[in-house]
Amino acid sequence: MTTARPFLDLLREHRNGVTHDELSEALQEVVAAVSAEGKAGKLQLTIAVKPHGDGAVMVMDEVKVTVPKKTKGGSLFFVTPENNLARQDPKQPNLPLREIGGVEAPREIGPASAGRALA
């Protein structure tokens with residue numbers, strides 16, 4: 001049987017529970033970032049214990065969060081024969097587009113226009 005005091009007791013008492021609150025918020029931050037990015041994250045708690053004289057010790061903590069970086073988008077470019085980058089494929093010719101005149105106004109489509117078509 002162990003005589004060690006539960007670690008959670010330290011977290012509840014250390015800095016009046018502030019460390020416990022920071023860990024809870026940090027864990028939530030890591031989980032949100034991991035869910036959003038689909039990459040791993042990390043939460044670290046470091047406890048430092050230093051002698052303070054007459055049987056006392058000073059307990060210090062450090063909470064460190066490593067969240068995945070957001071994925072940046074990119075741009076698609078084509079390589080020209082001169083090895084430059086272009087947004088349009090140099091192997092695909094441009095189509096000779098022209099405007100068509102005399103375009104009629106759009107017709108109504110739906111149940112109300114069906115009765116007029118039969119008349």
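All values reported here derive from a predicted model rather than from experimental measurement.
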Name every donor-acceptor pair, under 3.5 Å, that has one atom in a side chain of residues 86-101 and the other anywhere in the protein, sequence neighbours excluded.
unit_1 : atom_1 : unit_2 : atom_2 : d
R87    : NH1    : L76    : O      : 3.0
D89    : OD1    : K91    : N      : 3.0

To which residues is [X] joined in a hydrophobic cluster, defined by side-chain heavy-atom contacts under 4.5 Å among Ile, Leu, Val, Met, Phe, Trp and Tyr, whether direct or through other members?
X: M58; answer: M60
X: L43; answer: F7, L8, L10, L11, L23, L27, V30, V31, V34, L45, I47, V49, V57, V59, V63, V65, V67
X: F77; answer: V79, L85

Once side-chain hydrogen bond (donor to acceptor under 3.5 Å, both in side chains) is applied, do any residues pair with [X], and if so which ones, sequence neighbours excluded?
X: R12; value: D9
X: E13; value: R5
X: E37; value: T71
X: S24; value: none

Residue pairs passing the salt bridge (Lys or Arg N to Asp or Glu O under 4.0 Å) test with at least one member in residues 44-56, sequence neighbours excluded, are none

| Within residues 61-76 or reaching into it, pairs that qualify as salt bridge (Lys or Arg N to Asp or Glu O under 4.0 Å) - sequence neighbours excluded |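 The answer is R15-D61.
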
Check: Is K42 atom NZ crowded by more than 12 heavy atoms from other residues, nucleotides or ligands, each under 6.0 Å away?
Finding: no

On a heavy-atom basis, the closest approach of P68 and G41 is CD-CA, 4.1 Å

